Amino acid sequence: MALSEQEIVRRENLKKIIELGIDPYPPEGWEVNVHAKEILEQYEPDKNNFQEISLAGRIMARRIMGKASFAVLQDETGRIQLYINRDEICPGEDKILYNVLFKKLLDLGDIIGVKGRAFKTKTGETSIRVSEFKLLSKSLRPLPVVKRDEEGKVYDAFTDPELRFRQRYVDLIVNPEVREIFKKRSKLIQSMRRYFDEHGWLEVETPILQPIHGGAAARPFKTHHNTLDIPLYLRIANELYLKRLIVGGFEGVYEFGKMFRNEGMDRTHNPEFTSMEIYVAYKDYNWMMGMVEECLERVSKEVTGNTEVQVGDQRIQFAGPYEKLSMYEAIEKYTGIDISQMDEEALRQTCKKLHIETDPSMGKGKLIDEIFGEKVEQHLIQPTFITDYPIEMTPLAKKHRSKDGLVERFELFVNGKEIANAYTELNDPIDQRQRFEEQLKLANRGDEEAMALDEDFLRALEYGMPPTSGLGIGIDRLAMLLTNQHSIQEVLFFPQMKPEATKKEEA
RNA sequence: GAUCCGGUAGCUCAGUCGGUAGAGCAUUUGACUUUUAAUCAAAGGGUCCCGGGUUCGAGCCCCGGCCGGAUCACCA
């Protein structure tokens, strides 16, 4: 592959460094006793602190002015300016370290270790007066150079999504705000996990490779196990396994994990995504709504510092209680039509009236879902529980205790998007078998996403599952809300991309 | 999968009517001991995404493809 001019220069510099007897990739570590952010926040000239510091990072800018230079060092916490004076670095006759190594052979992007002391420059910027530096890793590729002026205005921003996502490492280096998004994502999971642990619920792991892709309605990825010579599916959900654990006697289990769905990709969908599923015995969906309110309020506070979060043009209040509307109430509120008594034909006519396309494979549940998706969802900006779904849409939820034809289910909508789904779980094995059979009928009618029947799961229910409430939260979408990002790609380190065109390479 | 928009130097982008390929940053050389989008002087750097076509001549027009984004469809 042909190297660019800058890559050639860097490789030549590398060679010269080696000729000077310097290892460009030394094996030993470097003492890091402080980070950039700590110095910037805590240095006070009067206190004379940070006078023997040792840190490491990447050179992000260099301003050489003859016998002295400024550089910008970036570590995980931020950027700090270095001041390098020739005669301080090279007290003796030999000025090679400064004149040759620092001025000529180091490049932007090189990783160096630095020892020195904090001070303030004439213009008042906290900086490090370098007494010693060492090359820790030579960079052979030029980074995009993003400049910022005093007001923080960005020039030549590195924004091309294709490059940013394919080379996320570069994105993380030159766009510090990107790192903050992922720190928040990590904090979100950590915060939620701590909340569950405090309640004594057990974090578990269940199979990703499943012989039957149950627990949700979606097209799976299919693979094959050679030794067993059987097809296996990457899980589209883990619900049925977690319930088996409730049958087994755990009273609260949860799992953060990747799910895989062989569907389209867009701003809110990636083929693999992270969900959190939790099942708690002896609870129902009413209890679960309270738990969700408490959990999200706390998570929001711990991740963003506030229960109120800016998302696009909206301010979302995560402190409960959240508005509750039944599915029928919600549809009536936003269309003026009461569909609660309608049969499949009447619903089909209603769809027509509302200019919603239908097809013959759609059952009653699907038709209601269409109306809801088309006319209601977009209006649910503040956190809203939509409750009591038609039974046809929800084969794993328990029938409503008082409303015929409905199940005890809620979904939480925020900013017009579903972020959580929960049931009073169906634990009646006879009813569950019938529901699966209904799904089979839908499948025969052409519904590709109807749920598969899982005999072993039914066997587990037949042993008896305590009354249980279960909840699933889309972690990526929650992360999008809490970091004010409008694309799922921005909250995944490595979003799925088509493979790059393979470049011709010499063997 | 459909429609629209985009792909030009390492990066961000201009490129007029189809007529020698442009800028800023980065890079190279030189100057400079408190600069900070450092500055000053000079220089080098291009498979214009790929493949066809039209034309005397294509970065530009036409056809096909690849990759990305947006919107829609499907889905969470």
Side-chain angles (χ1 to χ4, degrees), chain A residues 1-10 12-13 60-72 79-89 98 103-104 107-109 119-125 127 129 139-167 170 174 216-219 236-237 259-275 357 369-370 373 377 411 413 417-421 448-449 472-478 480 486-489 495 497-504:
Chain A
M1 208 175 67
L3 295 177
S4 71
E5 180 196 21
Q6 294 191 49
E7 288 172 301
I8 292 166
V9 167
R10 281 168 185 245
E12 281 169 0
N13 287 347
M60 297 305 287
R62 233 174 2 153
R63 295 179 285 276
I64 296 171
M65 299 171 309
K67 299 183 185 66
S69 299
F70 289 90
V72 173
R79 297 178 178 188
I80 190 162
Q81 178 169 264
L82 307 178
Y83 174 73
I84 296 165
N85 183 302
R86 186 191 70 181
D87 296 329
E88 289 173 31
I89 295 291
Y98 180 79
K103 275 172 72 176
K104 301 283 181 193
D107 292 294
L108 296 185
F119 78 111
K120 274 198 197 288
T121 62
K122 211 161 63 177
T123 52
E125 177 163 347
S127 307
R129 194 165 195 125
S139 167
L140 296 182
R141 277 181 191 260
L143 288 167
V145 178
V146 179
K147 299 219 170 192
R148 287 172 175 76
D149 67 16
E150 279 175 6
E151 289 128 39
K153 200 175 163 206
V154 176
Y155 299 82
D156 298 332
F158 179 62
T159 54
D160 179 349
E162 180 160 10
L163 286 177
R164 285 186 52 229
F165 301 147
R166 284 195 199 283
Q167 302 186 38
V170 174
V174 305
R219 282 155 61 198
I236 57 173
M259 304 299 151
F260 306 85
R261 297 190 184 176
N262 208 339
E263 313 272 359
M265 295 160 58
D266 62 24
R267 216 176 50 238
T268 54
H269 298 85
N270 195 65
E272 58 182 282
F273 64 99
T274 301
S275 86
E357 281 184 33
D369 196 35
E370 288 292 317
E377 233 179 77
E411 291 187 310
F413 287 84
K417 290 263 170 359
E418 181 207 331
I419 66 158
N421 181 24
E448 280 184 46
E449 287 156 359
I473 294 182
I475 294 297
D476 310 290
R477 290 186 174 181
L478 186 55
M480 285 165 66
H486 82 294
S487 162
I488 196 170
Q489 297 175 110
M497 307 279 273
K498 282 199 190 182
E500 283 179 90
T502 47
K503 287 175 187 164
K504 284 173 266 173

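Proteins get letters first, then strands, A, B, ... in listed order; numbering begins at 1 in each. Since we're looking at a predicted model, the values are computed, not measured.
Remark: B/G45 base-pairs with no nucleotide in the shown strands. Criterion, Watson-Crick or G-U wobble with two distances under 3.5 Å. Partner assigned to B/U39 is B/A31, using Watson-Crick or G-U wobble distances below 3.5 angstrom. With both pairing distances under 3.5 Å, B/G1 is matched to B/C72 as a Watson-Crick or G-U wobble pair. Base pairing of B/U54 is not made with any nucleotide, judged by Watson-Crick or G-U wobble geometry with both donor-acceptor distances under 3.5 Å. The pairing partner recorded for B/G59 is none, the criterion being a Watson-Crick or G-U wobble arrangement whose two distances lie under 3.5 angstrom. In this structure, B/A21 makes no Watson-Crick or G-U wobble pair, since no nucleotide meets both defining distances under 3.5 angstrom.
In the interface, the side chain of A/Arg129 is paired with the base of B/U34 through a donor and an acceptor atom under 3.5 Å apart. One cannot find a donor-acceptor pair under 3.5 Å joining the base of B/U35 and the side-chain atoms of A/Glu125.
The separation of B/A23 from B/A14, taken at their C1' atoms, amounts to 7 Å, rounded to a whole angstrom. Look at the C1' atom in both B/A38 and B/G51: the space between them is 47 Å, to the nearest Å. A distance of about 12 Å separates the C1' atoms of B/C62 and B/U55, rounded to the whole Å. One C1' atom belongs to B/G19, the other to B/C60, and the distance between them is 12 Å to the nearest Å. Nucleotides B/C61 and B/A26, compared at atom C1', are 35 Å apart to the nearest Å. Rounded to the nearest Å, the gap between the C1' atom of B/G69 and that of B/A9 is 23 Å. Comparing the P positions of B/U3 and B/C17 gives an interatomic distance of 29 Å, to the nearest angstrom. Between B/G52 and B/G45, the two C1' atoms lie 30 Å apart (nearest whole Å).
Within the structure, every pair that satisfies the salt bridge (Lys or Arg N to Asp or Glu O under 4.0 Å) test and touches residues 265-274 of chain A, not counting sequence neighbours, is listed here: A/Lys258-A/Glu272.
For A/Arg63, the salt bridge (charged side-chain N to carboxylate O under 4.0 Å, His left out) test picks out no residue, with sequence neighbours left out. The salt bridge (charged side-chain N to carboxylate O under 4.0 Å, His left out) check on A/Glu418 picks up nothing, with sequence neighbours excluded. In this structure, the side-chain contact (heavy atoms from CB on, under 4.5 Å) partners of A/Asp369, at least two apart in sequence or on a different chain, are A/Met393.
For the pair A/Arg261 (side chain) and A/Ile236 (backbone), a donor-acceptor distance under 3.5 Å is present.
Taking atom CD on A/Gln167 and atom C1' on B/G10, their separation rounds to 11 Å, with Å as the unit. Between the CZ atom of A/Arg79 and the P atom of B/A37 there is a distance of 13 Å, given to the nearest Å. One interatomic measurement links the two molecules: CZ of A/Phe70 to P of B/U39, which rounds to 14 Å at whole-angstrom precision. What separates CE of A/Met497 from P of B/G68 is a distance of 5 Å, to the nearest Å. If you take CE of A/Met60 and C1' of B/C11, they are 12 Å apart, rounded to a whole angstrom. Summarising the geometry, the separation between CG on A/Asp266 and C1' on B/A76 is reported as 10 Å, rounded to the nearest angstrom. For A/Ile64 and B/U34, the CD1 to C1' distance is 15 Å, given to the nearest whole Å. Between the CD atom of A/Glu162 and the C1' atom of B/G68 there is a distance of 4 Å, rounded to whole Å.
Side-chain atoms of A/Phe158 lie closest to B/C11 of the nucleotides B/C32, B/C11, B/A76.
Counting non-hydrogen atoms under 4.0 angstrom, A/Ala61 reaches nothing in the nucleic acid. No contact: A/Asn421 has no heavy atom under 4.0 Å from any strand. As judged by a 4.0 angstrom heavy-atom cut-off over every strand, A/Phe119 is placed among the base-contacting residues. Within 4.0 Å of A/Glu151, counting heavy atoms only, lies no atom of the nucleic acid at all. Among the atoms of the strands shown, base atoms are found under 4.0 Å from some heavy atom of A/Asn270. Across all strands, A/Arg148 comes closer than 4.0 Å only to sugar-phosphate atoms, never to a base (heavy-atom distances). At the heavy-atom level, A/Ser4 lies under 4.0 Å from the strands shown only through sugar-phosphate atoms. Within 4.0 Å of A/Arg267, counting heavy atoms only, lie sugar-phosphate atoms of the nucleic acid but no base atom. Here A/Gly474 lies out of heavy-atom contact (under 4.0 Å) with every strand.
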Pairs under 3.5 angstrom, nitrogen or oxygen only, protein versus nucleotides 7-9 of chain B, please.
none

So which protein N/O to nucleotides 24-29 of chain B N/O distances come out below 3.5 Å?
from  : atom 1 : to       : atom 2 : distance (Å)
B/G24 : N2     : A/Asp156 : OD1    : 3.4
B/G24 : N2     : A/Asp156 : OD2    : 3.3
B/C25 : O3'    : A/Lys147 : NZ     : 3.2
B/A26 : OP1    : A/Lys147 : NZ     : 3.0
B/A26 : O2'    : A/Gln6   : OE1    : 3.3
B/A26 : N3     : A/Gln6   : NE2    : 3.1

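Taking 4.0 angstrom as the limit, A/Arg63 places a side-chain polar atom (N or O) nearer than this to OP1 or OP2 of B/A38. A/Lys122 has a side-chain polar atom (N or O) that falls below the 4.0 Å cut-off from OP1 or OP2 of B/U35. One finds a side-chain N or O of A/Lys67 lying less than 4.0 angstrom from the OP1 or OP2 phosphate oxygen of B/U33. Using a 4.0 Å cut-off, some side-chain N or O of A/Gln489 falls inside it from OP1 or OP2 of B/G69.
When only modelled atom types and interatomic distance are considered, A/Asp107 and A/Asn13 share a side-chain donor-acceptor pair under 3.5 Å.
Each of A/Gly124 and A/Leu163 was assigned the nucleotide of RNA chain B with the nearest heavy atom; the assignment lying further toward the 5' end belongs to A/Leu163.
A/Tyr155 qualifies as a stacking partner of the B/A37 base, centre to centre under 5.5 Å and near-parallel within 30°.
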